[in-house]
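Here the structure comes first, spelled out in structure tokens, and everything after it is commentary.
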Amino acid sequence: MAFLHNNTPVVSLHLLSVHLYFFFFLLISIAQYPLASHCCHDEDRSALLNFKSSLNDPSNRLSSWKHQNCCDWHGIRCSNDSFRVVSIDLRNTPLEDYIKETEQPAAFVDPPSTSLTGKFSASILKLAHLQYLDLAYNNFQESQISRLFSNLTTLTHLDLSFSNFSNLLSTQFSNLSSLQYLDLSCIGSIYATSCLQISSTKWARGLVNLKVLRLSGIELNAWYPVQLANLTSLSILDLSGCNLYSSSGSIPYLPQLKEFDVSYNQDLHVDLNRMFEHEWPNLNKLWISQTLVNKSIPSSISNAPLLVSLSASSCSIHGSLPSLFYNLSRLQYLDLSYNSITGDLRSSISNLNFLYDLDLSNNNFQGSIPKSICEIFSLQALQVSYNNITGILPSCMSKLKNLEYFGAAQNKIAGNVSLFSLIGENLIELDMRFNSQLNLDMRWLHLDQRKLSLRSLRLLSCNLKGSFPISLCNLTNLVFLGLSENSLTGTIPSCLFKLKNLRKIFLSGNKLEGSVPLPPQGVERFDLSKNKFSGEISLEFGKRLSDAYTIILAGNELSGSIPLTLCPAEPGDGFTSIQVIDLSNNKLSGTIPSNIGYCESLVRLQLGNNNLTGKVPDELKLLKQMKFLQLNNNLLVGTPLNVICEFDRLEFLNLANNSFEGSIPAALGSLEYLRFLSLRSNKFNGSIPEEIIHLQKLQLLDLSLNNFTGDIPNKLGNLSGMIITSYLLPEDLGDVQLYLATKGIMIQIQQLNNYSSSIDLSCNHLHGDIPKEIGSLTLLNSLNLSNNHFSDGIPASIGNLSGLQSLDLSSNNLSGHIPQSLAVIDTLAVLNLSSNKLSGKIPRSPHFDTLSVEGYAFSGNELLCGYPIKNLCDPKASTGDANPSNEFDEVDGEGVEEKLLLYAIIALGFIVGFWGFFLILFLKRQKWWFPYWKIVDSVAVKIIKIVSHPGKKIP
């Protein structure tokens, strides 16, 4: 302190010097970084604002992009020294989570509206100091990948995945030598657009520092890119769904890889034997699902000792698992589903004690589930469904405290099993469907005070018998209950419908009885079909199910009217989500409620086989989503087709066996999706409109037992649904109650998706010719035009219907000869041409002869002759085909020639055999000729003596 007091001028001078130095450096800093006070550079801020201006931001993620300091904006990070933008992270995580968590995107819940949407602005590529750029899960509306990306030479992380870029990628990234992470993956189903296209991966050669490369979903359309073997720093490679192909099955050796995914390349051959000739010391993840392995898993897979995740479903793998496979002790995820793997599950499976997800479903595993599986305490999901597993389930299953999912459906598991011993505290889903030899004990152990987490119980066709198990009421978290196709009896306990979380109830195909119980509020799927429920459907029942998706009560003994409470009382009076109402096969009466037309989401309405009366309400025309309408076998009247023509999406229509009338409106031809049309056994009249030929997807046309008149439209042969391919209905539509006269009897069509094409116009008043164009309907299975007034001849073109099984043209006025072409339809099982005016010889072929051995198919045609009827043909008679010389004569001629050839061969054989023998005797007369005749003379003498002296012993 004394020094300071004694040297004040000196101290002041030093302090002044320090201030000057500080001021000098401050000036330099301001000159170099003019906006350092705001921590953001003007050019960076301007580039970001230009980028923002081209985008729509529905969730206001960029709302902070307005104040001066861009380093504080959402998703932006600047360097600590230069304050230049080095990182942009605008990843749309809500949409990412939605895609990962939702099994079927956009199926029931709309995706979140959080995507930045608009064209990609290249202004962001002016940020020369950028090191990290993540724009994943946004929507850049098929923007181009700009060549200006090559300016970002400091970039180390680039993620443009699932962001709807769409153009050809060639050299845009080729000089980004600092790049360590590149993800260009895409999924077309989000925006229904194409993804990036890459004609070659040569551009990747320069990415020498690349550690992660993800190109999932990009159409490479190429052989496996061997150039990637040069990327020696690469540790993660994802080429799933890239349409790769390879015939050799050779996978480049990349020993540094930790994760390798080439799944969903159906034409890519993967040779596991060659792949594991070498060690893969770092490989943790190997996903090859839906590629072509076509071999068994080799023992050499143990050359990947650090394998943690293996996905190899749908690879055509066969054979048994090698014993060394069970030494992959680090495995946590294993999916071998949908292959043809055989053999037993070995007890050494317990070596995989880190497994949390094991899927062996849809294979050919035999034997029982080993008890040692209970030692894998980490197991969360165990799926062994659709195999040939036998024996009993291990009683120790309840020890798997972490098990959340257990599926063993469609096996041959037998023995006595306690249901609640299988249900651990954390088990969420149990699927034991289609184990008909199982004897499940459903009793609840009262000493068991556990709080169970089970949400889904699937026991369809599990040999359940006796009264409905009241123990299920203890499953308070239950959401899905499936007990269909069993033998449960009695009533459903009321406590079941007090389960507040229960949303999906499937109890069809049992022997349950009593009145229809009231379901809990909020039920989505409710199926009590094919039971013995009786009584009326209450109004309260309708209210409880007004928010359901499906209501199926078909095949019971319900009576009374359809409750008005199923649908809103007025149009627009509250939203309803009902898509399916199936009340068919009951004893319901009364009229169809008009307010059913206010269930605007209705897709299927099945009311067939009841006692309903009245007309089809006009309000039904409001059902714009209607695809399946079944009103058959009722007492309905009126002219419903004008209403039905409003159903633009209709695929199935069954109005059979009512008293409907009126003509078919031309507008019916506008129902372009219609596949099955049955109007049989009504009072419809008028002609078949020409517009019916516009129903290009039609597979079944049944207008029989009506009063239709006029001709068959000539262009009926243009129905492509009966020519090119069968248009299949993928979903299970239950009992469709569709009947058809084929093969001489009435048959019921059980499943539409297995049904081929058919036309039945029988029992009407149609006349004119049978159009020859009908022979173009090559997929036709059955054709019935009987009991009409058709005249002229049978078109020879019917012989082109190579799949025809039933042909009935009986009871018409057909004349002329039976075409020989009918005799070559080898699939024909039923033929009826009786009661016409046909003439000439009946065609013959080995198969055709068997169709009517007693001649019934040809009776009532007095001018026919030949087999199998008794009328003999005049030698000059012909079958009258286009060629007067007739094919029948040619066949007979061919038969005569074959007989003559046979006789000639027999005669030649006799001549050669008989005279050849004597020729040899003559040539060897010294050795054979004289001894032969001596023996003959001796035998002849003895025969004469026996004949002359019967009963006398001959020496």
Side-chain angles (χ1 to χ4, degrees), residues 100-101 180-181 183 185 210-216 228 231-241 251-265 270-273 275-291 293 296-315 317 321-339 341 345-346 348-361 363 372-384 400-406:
K100 291 180 178 179
E101 294 175 4
Q180 298 180 21
Y181 184 103
D183 191 346
S185 303
L210 200 62
K211 296 180 179 179
V212 177
L213 178 59
R214 301 184 188 277
L215 302 178
S216 175
L228 300 180
L231 303 179
T232 55
S233 298
L234 203 61
S235 61
I236 297 176
L237 178 58
D238 185 352
L239 299 176
S240 59
I251 297 294
Y253 182 47
L254 300 169
Q256 77 281 3
L257 273 188
K258 293 182 179 179
E259 297 183 11
F260 186 36
D261 187 350
V262 288
S263 56
Y264 303 102
N265 289 288
V270 177
D271 190 336
L272 294 178
N273 288 289
M275 179 177 177
F276 290 111
E277 285 177 353
H278 312 283
E279 290 190 358
W280 294 72
N282 300 304
L283 193 62
N284 297 145
K285 174 183 174 180
L286 176 61
W287 283 22
I288 57 173
S289 292
Q290 293 197 32
T291 61
V293 174
S296 59
I297 295 177
S299 297
S300 56
I301 196 172
S302 59
N303 280 331
L306 300 184
L307 204 58
V308 171
S309 178
L310 174 59
S311 177
S313 66
S314 303
C315 292
I317 296 173
L321 295 179
S323 58
L324 289 177
F325 182 87
Y326 296 96
N327 290 342
L328 298 173
S329 59
R330 293 177 180 264
L331 271 178
Q332 297 179 23
Y333 177 89
L334 177 59
D335 183 359
L336 299 177
S337 59
Y338 293 94
N339 285 293
I341 303 174
L345 288 175
R346 304 190 186 187
S348 55
I349 196 171
S350 59
N351 294 341
L352 311 179
N353 56 356
F354 290 108
L355 269 180
Y356 69 85
D357 194 330
L358 175 60
D359 191 347
L360 304 177
S361 61
N363 279 284
S372 59
I373 204 163
C374 300
E375 300 175 21
I376 310 177
F377 299 114
S378 57
L379 207 57
Q380 297 177 22
L382 174 59
Q383 173 63 282
V384 292
L400 298 173
K401 301 297 184 182
N402 295 306
L403 194 64
E404 296 180 357
Y405 177 87
F406 178 44

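Excluded from the calculations below are hydrogen atoms, water molecules and symmetry mates; all remaining heavy atoms, backbone and side chain alike, are included.
- Not a single donor-acceptor pair under 3.5 Å links the side chain of Ser314 to the backbone N or O of Gln290.
- With values rounded to the nearest 0.5 angstrom, Leu307 atom CG is found 11.5 Å from Lys285 atom NZ.
- Shown here for Ile297 and Phe325, the closest heavy-atom pair between the two residues is CG2-CD1, 4.2 Å.
- Inspection of the Ser216 and Ser185 side chains reveals no N or O donor paired with an N or O acceptor under 3.5 Å.
- For the atom pair CD (Glu375) and CG (Leu352), the distance works out to 11.5 Å, reported to the nearest 0.5 Å.
- For the atom pair Tyr253 OH and Glu279 CD, the distance stands at 7.0 Å (nearest 0.5 Å).
- Contact annotation: the side chain of Trp287 never approaches that of Tyr264 to less than 4.5 Å [non-hydrogen atoms, C-beta and beyond].
- A distance-only check finds no donor-acceptor pair linking the side chain of Ser350 to the backbone of Ser372 [under 3.5 Å].
- A side-chain donor-acceptor contact under 3.5 Å links Asn339 to the backbone of Ser337.
- A side-chain donor-acceptor contact under 3.5 Å links Asn363 to the backbone of Ser361.
- Shown here for Ile376 and Ile349, the closest heavy-atom pair between the two residues is CD1-O, 3.5 Å.
- Shown here for Met275 and Leu283, the closest heavy-atom pair between the two residues is CE-CD2, 4.5 Å.
- In this pair, Phe260 and Trp280 present their aromatic rings parallel. The plane angle is below 30°, not in the 30 to 60° band.
- Between the SG atom of Cys374 and the CG atom of Leu400 there is a distance of 5.0 Å, given to the nearest 0.5 Å.
- Asp335 places no side-chain N or O within 3.5 Å of a backbone atom of Asp357 that could act as its donor or acceptor partner.
- Within the 4.5 Å cutoff, no side-chain heavy atoms of Phe377 are placed close to those of Asn353.
- Across all non-hydrogen atoms, the minimal contact from Ile288 to Val293 is CD1-CG2, 4.1 Å.
- Across Ser300 and Leu272, no two heavy atoms sit closer than the pair OG-O, 4.5 Å.
- Side-chain N or O atoms of Asp261 include none that pairs as donor or acceptor with a backbone N or O of Leu286 at under 3.5 Å.
- When all heavy atoms of Arg214 and Tyr181 are compared, the closest pair comes out as NE-OH, 3.7 Å.
- Under the 4.5 Å side-chain criterion, counting only non-hydrogen atoms from C-beta, Asn402 is not in contact with Leu379.
- In this structure, Ser240 contributes its side chain and Ser263 its backbone to no donor-acceptor pair below 3.5 Å.
- Side-chain contact of Tyr405 with Gln383: a donor-acceptor pair under 3.5 Å is present, judged by distance alone.
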